[in-house]
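See below for the structure under consideration.
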Amino acid sequence: MRTVSMSLSNLILVAPRDGIRWLANFCWEGFRGASGSHGSNSSFRLLCSKSSGLEGGYSRRWTRRHMSTKTEGRNKTNLSSKPGSIVHEILDGKLPQSAALNVNKTEIIETQKTRYCDIQQKIVENKDLASLVTTIVFDIETTGLSREEERIIEIALQDLAGGENSTFQTLVNPGRYVPNPHVHGITTHMVCRPNVPRMEELIPILLQYVSSRQKPGGYVMLVAHNGRCFDVPFLISEFNRCSYEIPQNWLFVDTLSLARELKKSGVSRLPSKTSLQALREYYNIPLVGSAHRAMSDVRSLSMILQRLTFDLKLSIPGLVGKSFTALDCINSKKKKKNSG
DNA sequence: GGCCCTCTTTAGGGCCTT
């Protein structure tokens with residue numbers, strides 16, 4: 001009987017051949033651990049933040065206010081114990097800007113490309129390295145579909161390892177009118193509030209959260225449905241807008257691609273549609289919370305990922321082999337521009 | 001906007017994400 005505390009690394013190391021079933025068990029335990037707990041809310045006090053209104057304009061006045069995000073789980077991590085470091089980063093305005101890119105952008109992009117490829121290749125070739133992979137399912141809600149013009153208004157993540165702070169969710173203040181509450185139920189009034197963090201305030205917290213879940217010297221595999229075309233490019237766009245970059249050790253997996261692959265293989269009688277809702281209904285996964293809210297979709301996707309990987313006989317190295325990087329998204333966009 | 005399918009590849013339409 002596997003327990004939540006048993007790490008995926010141990011499972012993979014002991015007998016890689018059974019990685020498929022173990023991944024499924026692991027996901028299930030992680031999900032059950034997170035959803036079954038009452039959790040603990042963690043509020044991060046940000047001493048400095050830009051105040052904003054519906055029009056999206058910034059006030060340069062730094063204000064003291066309480067900003068809340070929410071985490072759940074059982075094991076302690078260094079996230080909640082070090083709010084000061086988050087405050088420090090924002091106080092000093094030490095945004096990890098890509099100043100170096102201005103020096104020799106091409107050279108750095110090539111270096112990053114090599115590094116990204118190295119990570120994927122190494123994990124696929126050396127299954128022991130799979131123990132260093134942290135699998136996090138995530139979802140975003142936005143004001144619309146265009147990453148150029150729209151903004152993120154909610155983000156949720158779930159570390160499939162479970163434990164305390166295994167989930168992270170927060171509304172995001174877009175500083176503008178929310179035109180599509182009929183889609184997700186998130187209204188302008190809910191997000192355009194002083195205690196709702198703006199994206200530039202949230203990113204350092206998000207980076208620290210993911211970092212807190214990461215194993216020493218490890219990698220992060222972020223999973224989203226239709227992530228390749230929507231969530232990841234949207235995230236890249238928002239990071240860039242706030243002068244941040246997606247960390248180099250983040251790999252991404254798109255469950256839409258997995259579902260399409262499974263459908264194509266004929267192994268499973270998947271429905272013609274491969275939307276999140278269709279997959280949830282096909283696998284008889286109960287809806288937790290409101291559909292189209294970020295955490296609800298994350299919980300559904302955590303279960304769907306488990307089932308898809310089981311049906312596709314995929315272990316962690318197999319998933320990594322199907323992953324892509326932020327740079328892949330950026331490069332494909334550039335190729336499209338050049339060819340057009 | 002990338003991916004997949006087909007009545008296809010010299011293309012177009014639908015899915016999927018909010």
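Chain A is the first sequence line, chain B the second, and so forth, proteins listed ahead of strands; every chain is numbered from 1. It should be emphasised that the depicted structure is a prediction, and the values quoted were computed from it without experimental measurement. The analysis underlying the following values was restricted to heavy atoms, covering all of them including side chains, and did not include hydrogens, waters or symmetry mates.
Taking atom P in both B:dT8 and B:dG12, the straight-line distance is 12 Å, to the nearest Å. Distance noted for atom P between B:dG13 and B:dT18: 25 Å (whole Å). For the C1' atoms, the distance linking B:dT10 with B:dC15 amounts to 25 Å, nearest Å. Atom P of B:dC7 sits at a distance of 23 Å from the matching atom of B:dC3, rounded to the whole Å.
Here CG of A:Leu308 is found 7.0 Å from CG of A:Leu270. Values are rounded to the nearest 0.5 Å.
Every ring-ring contact (aromatic ring centres under 6.0 Å, His included) that A:Phe230 has, sequence neighbours left out, goes to A:Phe234.
B:dC4 atom P lies 9 Å from atom CD of A:Glu261, rounded to whole Å. A:Phe234 places its CZ atom 15 Å from the P atom of B:dG2, with the value rounded to the nearest Å.
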Side-chain polar contacts of residues 285-296 of chain A - donor-acceptor pairs under 3.5 angstrom, sequence neighbours left out - could you list them?
from: A:Arg293; atom 1: NE; to: A:Glu154; atom 2: OE1; distance (Å): 3.0
from: A:Arg293; atom 1: NE; to: A:Glu154; atom 2: OE2; distance (Å): 3.3
from: A:Arg293; atom 1: NH2; to: A:Glu154; atom 2: OE2; distance (Å): 2.8
from: A:Ser296; atom 1: OG; to: A:Val288; atom 2: O; distance (Å): 2.7
from: A:Ser296; atom 1: OG; to: A:Ser290; atom 2: O; distance (Å): 3.0

Pick out the pairs of N or O atoms, protein on one side and nucleotides 13-18 of chain B on the other, that lie under 3.5 Å.
from: B:dC15; atom 1: O2; to: A:Arg260; atom 2: NH2; distance (Å): 2.9
from: B:dC16; atom 1: OP1; to: A:Thr274; atom 2: N; distance (Å): 2.1
from: B:dC16; atom 1: OP1; to: A:Thr274; atom 2: OG1; distance (Å): 3.3
from: B:dC16; atom 1: OP1; to: A:Ser275; atom 2: N; distance (Å): 3.0
from: B:dC16; atom 1: O2; to: A:Asn226; atom 2: ND2; distance (Å): 3.0
from: B:dT17; atom 1: OP1; to: A:Leu276; atom 2: N; distance (Å): 2.6
from: B:dT17; atom 1: O4'; to: A:Asn226; atom 2: ND2; distance (Å): 2.9
from: B:dT17; atom 1: O2; to: A:Asn226; atom 2: ND2; distance (Å): 3.4
from: B:dT18; atom 1: O3'; to: A:Glu141; atom 2: OE1; distance (Å): 2.6
from: B:dT18; atom 1: O3'; to: A:Thr142; atom 2: N; distance (Å): 2.7
from: B:dT18; atom 1: O2; to: A:Asn180; atom 2: ND2; distance (Å): 3.4

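Within 4.0 Å (heavy atoms only), A:Lys263 reaches no atom of the nucleic acid at all.
A salt bridge is defined here as a Lys NZ or Arg NE, NH1 or NH2 lying under 4.0 Å from an Asp or Glu carboxylate O, and A:Glu261 with A:Lys322 meets this definition. A salt bridge does not link A:Arg198 with A:Glu201: every distance from a Lys NZ or Arg NE/NH1/NH2 to an Asp or Glu carboxylate oxygen is 4.0 Å or more.
A donor-acceptor pair under 3.5 Å is formed between the side chain of A:Asp254 and the backbone N or O of A:Arg228.
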